[in-house]
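For this chain, numbers begin at 1 and follow the sequence in order.
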Amino acid sequence: MNWTALAEALFGAGPAPHGIAQDGDFLHGTVVFDGAPLTVVGTTNHAPIGVDLALRQARVVLDTVRDHPGRPILLLIDTQGQQLRRRDELLGIHRAMAHLGQAIDLARRQGHRVLGLVYDQALSGGFITSGLIADACDALPGAEIRVMRLPAMARITKLAPERLEALSRDNPVFAPGVDNYVAMGGVRRLWTGDLAAALRAALAEAPRTDVRADDGRARGGRRLAATVIQRVLDAA
């Protein structure tokens, strides 16, 4: 689903149904949802997240924290991952993306409900520093989600591709796909049917604490993460 069709499904059709603007691959604006303002920020066109896009998104989040205390924030996610360019590496893309993640974390700590929605594609660092830091990250059923393709994983881990393919059939950790991210707890729920009702429920029910590991254990996708986390906390 493209972002304009999504916006109409969420906020209504008409000549001016919402306040979201597109500037290249960058989406931003304020909409009124159920009578209350909602900050919307994100990307489109399978955007690679470079220094510029990371900082622009962070600016919207930080401006919301400064100017609109407590206002909910919706992250619209469609990214092919981090920008692989020499310019961005020289400018410190790792710091820009970390800054975006810290801005989202600050908003959460200041009482803003931050919700991520993968409406098209979510890959690699562009997803990790946005949706996976929100209070909750949801997705449309047709979304494509992965952090690393199996051939790349094979090169990094030095495991045979055939071995990884076999593991991916039984273990969501090794497999791409939105259903596997639901099983692992990375995606809290899939939105089907009435998308406006799904947004309303997601904003009302987004957890104030990180429950991804607990969801992964309950769903069988990450059986040990919650236990390991608790052991580390108990030992601190």
Side-chain angles (χ1 to χ4, degrees), residues 1-7 9-10 20 22 24-28 39-54 56-58 60-61 73-84 88 93-94 96-105 107-108 114-153 168 172-192 195 198-199 202 206 210-213 215-216 219 221-222:
M1 178 180 289
N2 61 50
W3 81 265
T4 54
L6 174 65
L10 290 173
I20 306 172
Q22 179 179 353
D25 295 337
F26 179 53
L27 303 175
H28 63 100
T39 293
V40 178
V41 60
T43 53
T44 189
N45 298 324
H46 300 347
I49 308 299
V51 170
D52 296 334
L53 265 179
R56 293 183 79 179
Q57 291 184 88
V60 172
V61 173
I73 300 171
L74 175 63
L75 309 173
L76 296 182
I77 302 163
D78 176 22
T79 174
Q80 61 182 269
Q82 63 267 34
Q83 176 68 267
L84 302 176
D88 290 88
I93 186 174
H94 60 293
M97 296 185 78
H99 176 64
L100 172 58
Q102 289 176 319
I104 294 171
D105 180 64
R108 294 176 63 194
V114 184
L115 179 67
L117 175 63
V118 182
Y119 69 96
D120 195 326
Q121 179 176 271
L123 276 62
S124 193
F127 179 41
I128 293 171
T129 56
S130 57
L132 289 183
I133 298 182
D135 288 309
C137 186
D138 295 348
L140 300 186
E144 178 186 1
I145 304 178
R146 66 177 185 272
V147 172
M148 186 179 290
R149 293 181 183 271
L150 291 181
M153 194 181 297
S168 71
V173 173
F174 291 92
V178 65
D179 291 334
N180 287 307
Y181 276 80
V182 171
M184 290 187 291
V187 170
R188 187 153 176 79
R189 68 182 72 188
L190 300 180
W191 291 10
T192 58
L195 297 187
L199 173 59
D210 194 336
V211 298
R212 291 171 175 85
D215 285 344
R219 298 168 185 176
R222 295 174 69 205

Q.
Is there a side-chain contact between M153 and L150 in this structure, where contact means two heavy atoms from C-beta onward sitting under 4.5 Å apart?
A. yes
Q: Might you point out which heavy atoms bring D120 and H46 nearest each other, and give the distance in Å?
A: OD1-CE1, 3.1 Å
(Q) Let me confirm one number: the CD-CD1 distance from Q102 to I133, rounded to the nearest 0.5 Å. (A) 8.5 Å
Q: Might you point out which heavy atoms bring G116 and A134 nearest each other, and give the distance in Å?
A: N-CB, 3.7 Å
**Q.** pair D88-Q82: side-chain heavy atoms closer than 4.5 Å
**A.** no
Q. Is there side-chain contact between W3 and D78, with heavy atoms separated by less than 4.5 Å?
A. no
Q. Is the closest side-chain heavy-atom distance between Y181 and V118 below 4.5 Å?
A. no
Q. Hey, are the side chains of S130 and I49 touching, using non-hydrogen atoms and a 4.5 Å cut-off?
A. no
**Q.** Side-chain donor or acceptor of Q121 paired with backbone N/O of E144 under 3.5 Å
**A.** no
Q: Taking all non-hydrogen atoms of both residues into account, name the closest pair between V187 and L190 and its distance.
A: CG1-CD2, 4.3 Å
Q: Starting at CZ of F26, measure out to CG of L53 and round the result to the nearest 0.5 Å.
A: 7.5 Å
Q. What's the spacing between D52 CG and Q83 CD if we round to 0.5 Å?
A. 9.5 Å
**Q.** Shortest non-hydrogen contact between P141 and T192, atoms and distance
**A.** CG-CG2, 3.5 Å
Q: Please examine the side chains of L10 and Y119, heavy atoms only from C-beta on, and report whether any two atoms are closer than 4.5 Å.
A: no
Q) Between the side chain of T79 and the main-chain N/O of A47, is any donor-acceptor distance below 3.5 Å? A) yes
Q.
Contact between L199 and L115 at the side-chain level, heavy atoms closer than 4.5 Å - yes or no?
A. yes
Q) Taking C-beta and beyond as the side chain, do I20 and Q22 meet within less than 4.5 Å on heavy atoms? A) no
Q | Expected output: side-chain D138 to main-chain L117 donor-acceptor under 3.5 Å | A | no
**Q.** Rounded distance [0.5 Å steps], CD1 in I104 versus CD in Q57
**A.** 7.5 Å
Q) If you round to the nearest 0.5 Å, how far is CG of L27 from CD1 of I77? A) 11.5 Å
Q: Taking all non-hydrogen atoms of both residues into account, name the closest pair between A54 and A96 and its distance.
A: CB-O, 3.7 Å
Q) Between atom CG of D215 and atom CZ of R188, what is the distance when rounded to the nearest 0.5 Å? A) 5.0 Å
Q: May I ask you to decide if T43's main-chain N or O and D25's side chain share a donor-acceptor pair within less than 3.5 Å?
A: no
Q | Closest heavy-atom pair and its distance - A58, L100 | A | N-CD1, 3.7 Å
**Q.** Donor-acceptor contact present, side-chain R108 to main-chain V114, <3.5 Å
**A.** no
